[in-house]
There are 2 protein chains.
Amino acid sequence: MAVHDAQFVHQECSDCPIRHRAVCARCDADELGKLEQIKFYRSYQAGQPVIWSGDRMDFVGSVVTGIATLTQTMEDGRRQMVGLLLPSDFVGRPGRASAAYDVTATTDLVMCCFRKKPFEEMMLATPHIGQRLLEMTLDELDAAREWMLLLGRKTAREKIASLLAIIARRDAALKLRSPKGALVFDLPLTREEMADYLGLTLETVSRQVSALKRDDVISLEGNRHVTVPDFDRLLEEAGDDNDGGYLV
Amino acid sequence: MAVHDAQFVHQECSDCPIRHRAVCARCDADELGKLEQIKFYRSYQAGQPVIWSGDRMDFVGSVVTGIATLTQTMEDGRRQMVGLLLPSDFVGRPGRASAAYDVTATTDLVMCCFRKKPFEEMMLATPHIGQRLLEMTLDELDAAREWMLLLGRKTAREKIASLLAIIARRDAALKLRSPKGALVFDLPLTREEMADYLGLTLETVSRQVSALKRDDVISLEGNRHVTVPDFDRLLEEAGDDNDGGYLV
DNA sequence: CGTACGCTTGAAAAATGTCAAAGGACGTGG
DNA sequence: CCACGTCCTTTGACATTTTTCAAGCGTACG
């Protein structure tokens with residue numbers, strides 16, 4: 001299978017699906033033109049690594065399509081996912097030489113990349129980029145803190161429900177609907193990846209998914225295809241007080 | 001006791017103890033002068049709230065001296081600390097009307113504040129501020145992700161050792177020493193606050209502190225004064241592979 | 001057809017939480 | 001200076017949750 005996805009090899013920024021959410025969102029036509037000159041696309045197959053923690057990182061970029069994960073691993077192999085990267089999310093840190101986390105494509109993935117040096121120079125010359133990146137980073141920080149509450153204080157059942165709610169919400173946003181009433185979506189993660197995200201074992205994830213199914217909070221067709229008959233019920237199970245939460 | 005600490009009511013920026021680490025770190029003399037015109041100091045006694053989640057927030061600012069915490073609370077009272085704010089750390093989010101977390105002074109606290117509106121205007125006019133804030137926010141995001149690993153995957157004992165290591169490291173940095181060999185410091189948190197930070201109960205915290213004491217990883221004088229005879233041993237107990245970690 | 005992979009389920013073990021009691025430090029007022 | 005009360009902490013016994021280890025199921029794919 002080709003590493004390059006022809007559809008994106010010469011994408012125009014103006015037609016880009018993440019034009020208004022990514023790090024370039026605030027750029028005007030002129031600024032976009034400059035970005036266009038230094039950008040390039042990379043594609044990864046599902047399961048492939050994008051970068052390993054500690055590796056030199058000479059590019060930064062945005063997820064255009066697909067999903068990637070950010071994970072940390074301890075010496076003895078314990079793993080914790082610390083980020084789920086969706087279209088428009090930014091990868092890499094300007095000013096840092098090497099990657100701090102493992103980045104892996106969990107679905108087929110297309111990234112819009114910039115070599116780090118030119119991008120950093122453009123950041124200094126183009127405040128709109130830094131402003132947008134700040135905004136996105138603050139959003140990610142909020143999401144990380146929301147996740148800290150989940151990891152530190154929620155029960156296994158609440159964790160599963162929370163993850164399903166986040167995925168459902170994002171999926172609804174992608175379809176430009178508000179998450180109300182009945183929802184149907186596909187899980188982008190295996191049970192093991194869910195476990196790594198939630199700080200659980202895959203067995204506990206499996207058991208709690210079964211329990212939510214038994215209690216009619218969700219129903220499943222196959223292992224990935226989820227139906228949520230009542231989104232509010234799911235939110236109750238998640239233990240979230242504010243339903244207008246942050247996206248990941 | 002007076003709410004205002006006279007020492008800081010009319011501090012010159014050039015003499016400020018956090019001048020080179022706070023959000024103003026990159027500002028030149030001219031920019032600093034403008035900031036100086038819109039700043040004001042606020043003091044809080046230990047235990048006082050700085051702001052409640054959901055409250056309107058009409059200022060942002062930096063911790064000058066003392067320690068504050070950021071916490072989230074669930075409807076049923078479960079609490080998770082999501083940030084420990086040390087001198088130079090920034091509080092508040094430009095562009096957001098209300099606070100997302102409870103902020104509490106755990107020690108006597110002095111903050112250097114700016115009304116939100118003028119600060120936001122200055123951010124647009126003064127790239128150095130936004131640049132520094134981006135850098136600080138990226139650091140916080142890294143710290144949050146490090147904490148996600150702790151919350152999701154570490155044992156109670158490792159959690160305690162990690163927290164002690166972080167505090168020891170910060171304390172050493174404050175005294176301009178590198179954390180090596182034997183260290184002595186004071187815990188700025190109660191057992192309950194430690195529990196809220198670590199996603200544990202206060203009883204488990206107490207038991208694990210006792211266990212580390214029994215195993216000579218630390219020794220205590222009173223409940224707060226800690227001696228670490230061997231910092232590397234503490235790091236082993238923390239399960240950290242990389243000892244050159246991030247500060248909180 | 002068989003193998004591999006992801007998933008589910010059960011039983012037992014381990015870690016952590018809950019409830020309860022009591023010890024110790026510290027500040028206040030007598 | 002002492003007595004008292006409050007708050008923080010420790011410890012024990014027991015309950016609960018989650019993990020660990022093990023076995024088996026189902027589907028996709030060679």
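To find a chain, count down the sequence lines: A is the first, B the second, and so on, and within it residues start at 1.
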Whole-Å distance, A:I160 CD1 to D:dT18 C1', equals 12 Å

Expressed in angstrom and rounded to an integer, what is the separation of A:E193 atom CD from C:dC5 atom C1'? 13 Å

Can you measure A:E158 atom CD to D:dT18 atom P for me and round it to whole angstrom units? 9 Å

Flag the pair A:R93 and B:D142 as a salt bridge only when some basic side-chain nitrogen lies within less than 4.0 angstrom of an acidic carboxylate oxygen. yes

Could you give the NZ-to-P distance, from B:K154 to C:dT16, as a whole number of Å? 14 Å

Mind listing the residues from residues 200-211 of chain B sitting with a heavy atom below 4.0 Å of DNA chain D? Number order is fine. B:L202, B:E203, B:S206, B:R207, B:S210

d(NZ, B:K213; C1', D:dT10) in whole Å: 8 Å

Aromatic centroids of B:W52 and B:Y101 separated by under 6.0 Å: no

Can you tell me how far P of C:dA25 sits from CG of B:L220, to the nearest Å? 12 Å

Any Lys/Arg nitrogen of B:R207 or B:E203 sitting under 4.0 Å from an Asp/Glu carboxylate oxygen of the other? no

Side-chain N or O of A:N223 closer than 4.0 Å to phosphate OP1/OP2 of D:dG26: no

Could you tell me whether A:D102 and A:R79 have a side-chain N and a carboxylate O separated by less than 4.0 Å? no

Just jot down the ring-ring contact (aromatic ring centres under 6.0 Å, His included) partners of A:F185, sequence neighbours excluded, or say none. none

Nucleotide D:dT18, atom P - distance to CZ of B:R153 in whole Å: 13 Å

Round to the nearest Å and state the distance from A:R78 atom CZ to D:dT18 atom C1'. 15 Å

Counting heavy atoms not belonging to B:R224, are there more than 12 under 6.0 Å from its CZ? yes

Pick base, sugar-phosphate or nothing for B:G199, based on heavy-atom distances below 4.0 Å to the nucleic acid. sugar-phosphate

